[in-house]
Amino acid sequence: MAQTLAEKIFSNHCGRSVRAGDFILADLDLVMAHDTTCAWALEPFYQIAERVFDPKKIFIPFDHAFPSPSVAMSKLQSQIRKFADEQGIPVVYDGVCHQVMSERLINPGNLILGADSHSPTGGGLGALTIGVGSTDAAIAMATGKSWFRVPQTIRVTVNGDLPRGCYSKDVVLAVAKEMGPDGANYRVIEYAGPTVEGFNVPARLTLTNMSAEMGAKAAVVAPDDQTRAYLEENDRLVDFELLRSDPGASFERELRFDVSDLKPMIARPPDIDNDVPVEQVESEKVAVDQVFIGSCTNCRKLRGGGLQSRLRALPGPVGWRALRQRGVRFHQQPQLRGTNGQPHGQDFPGQSRDRRGDGPDGHHYRPKKVRCLNRDCDPMNWKFGDNVNTDLITPGRYNITTDPKELAKACFIEYRPEFRQQVQPGDYVVAGHNFGCGSSRETAAVALKHSHLRAVIAKSFARIFFRNAINLGLLCVIAETDSIEESDRLQLNLQAQLLRNATKDQTIPIEIPGMMLRLHQEGGIINFLKKNGLSALADLEKF
């Protein structure tokens with residue numbers, strides 16, 4: 001049976017030959033949770049276990065809010081350090097998690113879980129590194145296992161010699177422009193072709209990292225001599241199998257790109273597919289006052305050259321080894337307040353959000369009337385557009401608490417500030433495509449769950465958010481939502497798998513996975529495991 005590279009790696013970790021669509025429980029080579037996502041993993045972990053499955057296979061870096069920017073964050077990090085000390089896990093402080101994992105830990109053929117949306121980065125080494133939320137990380141730390149639906153693979157073949165001034169970042173921006181922010185949702189992207197084969201591993205890490213922006217579950221490049229050279233450069237050369245997709249393997253689709261005429265690209269807000277050649281914006285003469293060096297995407301190599309005297313260059317914790325290998329020397333390590341060089345919690349420029357409450361699709365959402373503030377009123381729905389990301393649901397600066405009720409108070413606080421004051425138990429959130437995209441932070445799903453909604457209804461959901469919702473028991477319903485107005489009264493019939501719009505006397509078919517329904521009834525996966533034991537992970541397939 002011909003298999004894709006991803007199918008082979010999943011097969012090697014579950015003990016049987018599998019294909020896309022199969023449900024599996026797989027053994028993991030490594031579990032990562034960093035200084036923000038790990039905090040939310042501690043309570044669920046201690047509800048189901050006392051000790052981690054193997055402290056040598058748990059990686060905890062402090063990189064997203066280090067040094068700590070606040071007393072609240074310091075308290076969370078103190079809790080993580082206490083957990084790490086109890087479990088015999090060293091905490092790492094000297095680099096961005098994806099860079100450090102690639103340098104020191106990831107080997108070809110690995111299957112790795114990371115509580116961060118950009119975990120696909122490690123696929124540049126020929127591994128499957130999959131982003132998840134904190135509850136999945138907690139279960140993985142307790143068991144060394146995780147459940148998966150083996151994904152379809154999209155193969156991206158790149159040909160041609162890159163023109164001067166173009167790099168792998170320009171290549172992946174061209175791919176993103178074609179695929180859009182949800183074009184690879186729930187899929188693996190496999191990069192191949194002569195151009196990719198000529199890339200070294202740092203360039204490949206850029207391809208796989210940015211694949212998260214297209215919704216990819218994972219991204220991978222087949223390991224080869226470039227992989228071997230990278231491992232040797234980082235003093236950890238190991239024997240590995242030259243895994244690659246079989247001839248005749250089944251791909252969901254194949255895309256081909258000739259980059260011979262590619263131009264240097266620049267990403268413009270608000271979405272990942274809004275990419276244009278730099279020359280299109282050159283005439284705007286945008287003044288640059290500050291450059292941050294330390295992106296987990298593609299800051300691997302620096303070349304000599306002078307800086308304008310007015311320009312501030314801020315090297316961040318990308319991985320000091322990577323910078324020193326390139327001859328960079330620092331008189332003093334900068335004390336940054338977050339991986340983007342800004343106070344922790346500020347959104348990255350270009351994210352799909354607007355402080356005025358405008359939706360990422362350009363619509364302006366405001367309530368049509370003052371909502372009733374008692375629990376006897378009819379359930380209402382809150383209507384949103386496409387690509388509502390996790391920072392719109394709960395802005396990053398509120399991730400300084402592990403109190404679900406406090407998080408609920410911040411739900412849509414900047415996108416629709418009236419939501420937290422007027423939402424009633426039983427209300428619905430209704431949205432378009434790709435709801436919950438962006439960060440893997442579970443806090444967005446937690447805030448919605450503890451707003452006591454009846455359900456979130458959308459045309460489609462971003463993968464990690466949907467998985468977080470399954471684990472938490474938050475009901476997410478897939479349905480066509482264009483005809484629903486904010487003033488409409490909705491009635492959800494789970495047994496009949498129908499949504500009725502009572503205002504318009506309209507019936508809409510819905511889709512809810514059996515696992516989501518069961519775990520919704522159980523109150524989430526942690527309650528399910530407490531009740532049935534950790535071995536019940538294998539029973540999830542039955543749902």
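The structure presented is a predicted model; accordingly, all values stated were derived computationally and were not measured. Just so you know, residue 1 is the first one in the sequence shown, and it goes up from there.
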State, with a plain yes or no, whether a side-chain heavy atom of [X] is found less than 4.5 Å away from one of [Y].
{"X": "Arg228", "Y": "Phe240", "value": "yes"}
{"X": "Gln3", "Y": "Ser245", "value": "no"}
{"X": "Thr135", "Y": "Glu442", "value": "yes"}
{"X": "Val201", "Y": "Leu125", "value": "yes"}
{"X": "Trp40", "Y": "Arg441", "value": "no"}
{"X": "Asn471", "Y": "Asp136", "value": "yes"}
{"X": "Val175", "Y": "Met214", "value": "yes"}
{"X": "Leu111", "Y": "Ile130", "value": "yes"}

Arg268 and Asp273: CA distance, side-chain angles, deciding distance, salt bridge (Lys or Arg N to Asp or Glu O under 4.0 Å) verdict: CA-CA 8 Å; Arg268 304 169 67 177; Asp273 55 345; over 6 Å; no
Looking at the rings of Phe466 and Phe435, which for Trp means the six-membered one, are their centres under 6.0 Å apart? no
Spacing of OG1 belonging to Thr206 relative to OH belonging to Tyr167, to within rounding of 0.5 Å: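 Those atoms lie 12.0 Å apart.
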For the atom pair CG (Leu255) and OH (Tyr191), what is the distance rounded to the nearest 0.5 Å?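 Separation between the atoms: 9.5 Å.
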Taking His98 as the fixed residue, which of Asn209, Asp116, Thr129 is the one that meets the side chain to side chain donor-acceptor pair (under 3.5 Å) rule? Asp116
Regarding Arg19 and the six-membered ring of Phe10, is the cationic atom NZ or CZ under 6.0 Å from the ring centre and inside 45° of its axis? no
Within 45° cone of Trp147 ring axis and under 6.0 Å: Arg467 NZ or CZ: yes
Within a radius of less than 6.0 Å around CG of Asp161, do more than 12 heavy atoms belonging to other residues, nucleotides or ligands occur? no
Is it the case that atom CD in Glu252 sees more than 12 heavy atoms from other parts of the structure closer than 6.0 Å?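 It does: Glu252 CD has more than 12 such atoms within range.
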I'd like to know if Asp94 and Arg104 make a salt bridge, using a cut-off of under 4.0 Å between side-chain N and carboxylate O.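 Between Arg104 and Asp94 there is a salt bridge, with a charged N closer than 4.0 Å to a carboxylate O.
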